[in-house]
Amino acid sequence: MAQVFDWPARWWRMASFSMRVVPNTRAFTNPYSAQSDVVDLLGEYWQIEMQLPPISDEGQGAELEAFFDGLRGPVNLVRLWHLRRPTPRGTLRGTPTLRADVAQLANVLPLQARPGETVLPGDHLGAGEQLFRTITGGQADSAGHLDVTVEPRTRTALPSTTAVVWDSPSATFRQPDAGGVPIVWRPGQADGPAVRWIEDF
């Protein structure tokens with residue numbers, strides 16, 4: 001059974017970081033008219049690419065080697081969040097919940113927040129063990145009601161009163177390559193590795 005490790009962000013800075021939703025689609029082009037059709041197969045997922053900076057501290061380099069070797073390539077998982085924006089740009093805080101049931105494959109979350117709180121496009125939320133990015137934002141009305149459009153779509157139905165996570169909402173990821181992550185040492189430092197992660201769900 002796979003183990004799940006937390007990413008030790010307090011130790012390692014990022015030289016670059018990207019986190020995006022990868023659509024699961026297929027495109028077909030008519031050979032006679034050049035007209036294209038796109039089929040949405042559902043099942044979009046998160047992908048993260050990160051580049052760590054060069055490491056001059058030998059102890060930190062040793063910890064990196066140990067961390068990546070402990071993952072055993074794609075066997076074990078890492079819990080990751082958006083390392084550049086761990087909290088919303090909007091003012092949503094406290095203990096928000098879903099105020100209504102959400103169907104499977106829905107892309108709107110009906111939030112119950114505090115009146116006046118805001119969510120901005122690009123904020124990240126968690127609900128029902130799934131990580132979402134808000135596509136639209138808004139401000140909660142006097143009753144605390146706020147509907148936001150999100151990606152990816154919900155993979156399972158979510159009941160009302162489900163807790164909504166705003167502080168470092170995360171998902172679990174694995175390395176797609178079996179070879180692991182090498183740490184290359186040179187005189188005086190180690191190269192910062194480039195690492196790609198695919199969401200596991």
Side-chain angles (χ1 to χ4, degrees), residues 1-24 43-96 118-135 150-152 155 162-201:
M1 184 174 180
Q3 290 181 272
V4 180
F5 294 88
D6 287 317
W7 176 254
R10 66 185 183 279
W11 296 337
W12 307 330
R13 297 176 294 111
M14 294 292 117
S16 65
F17 178 87
S18 70
M19 182 174 181
R20 64 189 177 97
V21 177
V22 179
N24 185 21
E44 56 267 25
Y45 60 92
W46 287 100
Q47 177 175 293
I48 289 177
E49 295 181 4
M50 58 174 66
Q51 174 76 52
L52 276 67
I55 301 157
S56 57
D57 181 88
E58 186 170 351
Q60 191 176 70
E63 290 177 356
L64 271 174
E65 290 176 326
F67 180 81
F68 287 121
D69 286 349
L71 295 179
R72 299 182 194 161
V75 173
N76 291 320
L77 307 176
V78 175
R79 187 177 292 106
L80 286 164
W81 56 96
H82 197 295
L83 299 176
R84 179 63 181 86
R85 296 196 308 278
T87 56
R89 297 185 302 126
T91 60
L92 182 71
R93 298 295 187 270
T95 55
T118 59
V119 171
L120 298 179
D123 286 346
H124 295 93
L125 303 174
E129 299 185 359
Q130 189 173 345
L131 173 63
F132 302 96
R133 176 176 290 159
T134 58
I135 306 303
V150 297
E151 291 291 339
R155 297 185 185 123
T162 295
V164 174
V165 179
W166 55 264
D167 186 8
S168 302
S170 63
T172 53
F173 293 79
R174 70 171 73 246
Q175 297 174 49
D177 303 317
V181 178
I183 307 299
V184 179
W185 290 92
R186 304 184 190 279
Q189 68 176 29
D191 292 346
V195 190
R196 185 163 68 99
W197 306 96
I198 300 296
E199 185 182 11
D200 180 87
F201 58 90

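Judged as a side-chain hydrogen bond (donor to acceptor under 3.5 Å, both in side chains), and not counting sequence neighbours, the contacts of Glu44 are Arg153. Judged as a ring-ring contact (aromatic ring centres under 6.0 Å, His included), and not counting sequence neighbours, Phe68 has no contacts.
A 4.5 Å side-chain heavy-atom check between Trp197 and Arg174 finds every atom pair outside the cut-off. At a threshold of 4.5 Å between non-hydrogen side-chain atoms, the residues Thr172 and Phe201 do not count as touching. Counting heavy atoms from C-beta on, the side chains of Val181 and Pro193 come closer than 4.5 Å. Arg133 places none of its side-chain heavy atoms less than 4.5 Å from the side chain of Asp123. Between Arg85 and His124 there is a side-chain heavy-atom pair separated by less than 4.5 Å. In this structure, Ser16 and Met50 have side chains that are not in contact, with every pair of non-hydrogen atoms separated by 4.5 Å or more.
To the nearest 0.5 Å, atom CD of residue Glu151 and atom CD1 of residue Ile135 are 5.5 Å apart. Considering CD of Gln60 and CD of Glu58, their distance stands at 12.0 Å, rounded to 0.5 Å. Going from atom CG of Asp57 over to atom CD of Gln189 covers 12.0 Å, rounded to the nearest 0.5 Å. Taking CG of Asp167 as the reference point, atom CG of Leu125 lies at 11.5 Å (rounded to 0.5 Å). We find the CD-CZ distance between Gln3 and Arg72 to be 6.5 Å, quoted to the nearest 0.5 Å. A distance of 10.5 Å separates OG in Ser168 from CG in Asp6, rounded to the nearest 0.5 Å.
Nearest heavy-atom pair across Met19 and Ile48 is CG-CG1, 3.7 Å. For the residue pair Pro152 and Gln130, the shortest heavy atom distance occurs at CG-NE2, 3.7 Å. Minimum heavy-atom separation, Asn76 to Gly70: ND2-O, 3.0 Å. The nearest pair of heavy atoms linking Leu131 to Pro169 is CD1-O, 3.5 Å. Taking both residues in full, the closest heavy atoms of Thr162 and Gly128 are given as CG2-N, 3.8 Å, listed atom of the first, atom of the second, then distance. A pairwise comparison of heavy atoms in Ala15 and Pro53 identifies N-CD, 3.7 Å as the closest pair.
In summary, the aromatic rings of Trp12 and Phe67 are positioned with their centroids under 6.0 Å apart.
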**Request:** Let me see the working for Trp166 and Arg93 under side-chain contact (heavy atoms from CB on, under 4.5 Å), right down to the final yes or no.
**Result:** CA-CA 7 Å; Trp166 55 264; Arg93 298 295 187 270; 3.4 Å; yes

Should Leu64 and Ile55 be marked as a side-chain contact (heavy atoms from CB on, under 4.5 Å) after you check the CA-CA gap, both sets of side-chain angles, and the distance that decides it?
-> CA-CA 10 Å; Leu64 271 174; Ile55 301 157; 2.6 Å; yes

### Task
Dump the intermediate steps for side-chain contact (heavy atoms from CB on, under 4.5 Å) on Phe5 and Leu71, then the final yes or no.
CA-CA 8 Å; Phe5 294 88; Leu71 295 179; 3.6 Å; yes

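Inspection of the Gln47 and Glu49 side chains reveals an N or O donor paired with an N or O acceptor under 3.5 Å.
Both tests do not hold together for Arg20 against Trp46: distance to the six-membered ring centre under 6.0 Å, angle to the ring axis within 45°.
Between Arg155 and Glu199 there is a salt bridge, with a side-chain nitrogen of the basic residue lying less than 4.0 Å from a carboxylate oxygen of the acidic one. Of the charged side-chain nitrogens involved, at least one lies within less than 4.0 Å of a carboxylate oxygen, so that Arg186 and Asp191 count as a salt-bridged pair.
If you run side-chain contact (heavy atoms from CB on, under 4.5 Å) between Val4 and each of Leu77, Val78, Asp200, only Leu77 comes through. When each of Phe17, Phe132, Trp7 is paired with His82, the ring pair (Phe, Tyr, Trp, His ring centres under 6.0 Å) condition holds for Phe17 and for no other.
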